[in-house]
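Step one of this worksheet: look at the structure below.
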Amino acid sequence: MSRIGRLPIDIPAGVEVTVNDGVVTVKGPKGELQLQVAQPIEVEVADGQVQVTRPDDERESRSLHGLTRTLIANDIVGVTEGYSKALEVVGTGYRVQAKGTGVEFALGYSHPISVEPPAGITLTVEGNNKVTVSGISKQAVGEVAANLRKLRKPEPYKGKGVRYAGEQIRRKAGKAGK
């Protein structure tokens with residue numbers, strides 16, 4: 001058995017988990033998330049816990065067992081606490097500012113870059129070089145943060161660009177001068 005997949009998931013107070021035709025719905029104080037469960041995996045809710053089981057030991061069933069359990073656990077954490085990722089803008093003249101619900105980046109291009117967040121995601125600006133992406137879906141928060149980082153990846157010589165908070169950039173030595 002999968003060491004992760006066989007662990008039951010405790011349902012905290014204020015969270016409601018329902019299973020209907022292979023769709024797990026998690027409702028909590030911060031919102032509602034749905035997860036389509038892959039075919040051979042079965043999910044049961046009983047005694048304030050969610051149990052994920054697999055019918056056989058086929059390779060596909062084994063790989064989906066732990067994954068499904070983790071995705072359900074992530075949804076439960078998301079509707080109770082939520083997820084967030086912090087980004088830093090590093091570089092001379094590089095900055096970020098709030099514009100309505102979105103943000104506007106100045107990243108050394110000839111034009112500013114405006115970004116509107118998708119539904120369920122909020123972008124918060126602290127100072128002029130920090131952005132926080134937050135929401136209830138771990139996958140959506142990570143994807144939006146990765147897309148913001150992709151606007152100007154940190155370069156290895158001076159480290160300028162958009163990076164995750166606390167990210168270590170591998171630096172290279174420049175050309176040796178005479």
Side-chain angles (χ1 to χ4, degrees), residues 1-89 101-103 115-126 130-154 156 161-170:
M1 277 303 252
S2 165
R3 281 181 276 176
I4 292 174
R6 70 174 173 222
L7 296 174
I9 308 166
D10 292 324
I11 302 174
V15 176
E16 181 185 324
V17 179
T18 56
V19 181
N20 190 10
D21 293 335
V23 177
V24 177
T25 305
V26 181
K27 291 181 187 170
K30 290 195 177 246
E32 177 180 336
L33 291 171
Q34 289 188 336
L35 173 70
Q36 178 73 42
V37 178
Q39 194 46 256
I41 304 299
E42 296 159 7
V43 179
E44 296 117 26
V45 179
D47 302 329
Q49 290 185 329
V50 179
Q51 188 68 46
V52 180
T53 56
R54 66 176 190 240
D56 52 35
D57 279 344
E58 295 294 322
R59 184 179 188 93
E60 186 179 5
S61 298
R62 286 182 299 167
S63 65
L64 290 171
H65 191 196
L67 171 71
T68 303
R69 188 244 179 235
T70 301
L71 291 175
I72 295 170
N74 287 346
D75 285 355
I76 290 173
V77 171
V79 297
T80 53
E81 302 165 22
Y83 288 100
S84 67
K85 275 197 182 262
L87 296 164
E88 298 171 343
V89 179
T101 59
V103 293
V115 178
E116 286 295 323
I121 300 293
T122 56
L123 300 176
T124 312
V125 177
E126 297 125 35
K130 287 186 173 44
V131 180
T132 304
V133 181
S134 55
I136 61 172
S137 171
K138 186 174 187 177
Q139 187 266 336
V141 168
E143 186 175 349
V144 170
N147 287 337
L148 292 179
R149 182 180 184 273
K150 210 187 301 182
L151 295 175
R152 174 78 88 174
K153 287 185 181 174
V162 181
R163 64 175 79 166
Y164 298 116
E167 179 182 6
Q168 297 292 319
I169 304 300
R170 292 191 56 194

Pair Leu87, Tyr164 - check side-chain contact (heavy atoms from CB on, under 4.5 Å), show working.
CA-CA 4 Å; Leu87 296 164; Tyr164 298 116; 3.4 Å; yes
Carefully, step by step, assess Val79 and Lys27 under the rule side-chain contact (heavy atoms from CB on, under 4.5 Å).
CA-CA 7 Å; Val79 297; Lys27 291 181 187 170; over 6 Å; no
Would Val17 and Val43 count as a side-chain contact (heavy atoms from CB on, under 4.5 Å) if you check the C-alpha gap in whole Å, the side-chain angles of each, and the deciding distance to 0.1 Å?
CA-CA 11 Å; Val17 179; Val43 179; over 6 Å; no
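Taking CD1 of Ile169 as the reference point, atom NZ of Lys153 lies at 11.0 Å (rounded to 0.5 Å). The distance from the CD1 atom of Ile41 to the CG atom of Leu67 is 9.0 Å, given to the nearest 0.5 Å. Remark: Asp47 CG to Asp10 CG distance equals 11.0 Å, nearest 0.5 Å.
Using modelled atom types, one finds no donor on one side chain facing an acceptor on the other under 3.5 Å when comparing Glu32 with Thr25.
Crowding of Glu167 atom CD: a count of heavy atoms from other residues, nucleotides or ligands under 6.0 Å exceeding 12. Around CG of Asp56, the count of heavy atoms belonging to other residues, nucleotides or ligands within 6.0 Å exceeds 12. No more than 12 heavy atoms of other residues, nucleotides or ligands sit less than 6.0 Å from atom CD of Gln39.
Nearest heavy-atom pair across Ile9 and Ala73 is CD1-N, 3.9 Å. Among all heavy-atom pairs drawn from Gly82 and Lys30, the shortest one is N-CD, 4.0 Å. Residues Thr132 and Ser84 come closest through the heavy atom pair CG2-CB, 4.1 Å. Scanning all heavy atoms of the two residues, the minimum distance from Arg69 to Ile4 falls at CD-O, 3.0 Å. Smallest separation of non-hydrogen atoms from Asp57 and Arg54: OD1-NH2, 2.9 Å. Summarising the geometry of Ile136 relative to Tyr83, their closest heavy-atom pair is O-CD1, 3.8 Å, with the distance given to 0.1 Å.
A donor-acceptor pair is defined here as one N or O able to donate and one able to accept, closer than 3.5 Å; such a pair exists between the side chain of Gln51 and the backbone of Arg6.
Side-chain contact between Ile11 and Val45 is present, with heavy atoms from C-beta onward closer than 4.5 Å. The side-chain heavy atoms of Asn147 and Val115, taken from C-beta on, include no pair separated by under 4.5 Å. For the pair Ile76 and Pro12, the minimum side-chain heavy-atom distance is below 4.5 Å. Here the side chains of His65 and Val52 are in contact, with some heavy-atom distance below 4.5 Å. Taking the side chain as every heavy atom from C-beta outward, Leu33 and Leu35 never approach each other to under 4.5 Å. Thr53 has its side chain within reach of Glu44: a pair of non-hydrogen atoms, C-beta onward, lies under 4.5 Å apart. Using a 4.5 Å cut-off on side-chain heavy atoms (C-beta onward), Arg149 and Pro154 make contact.
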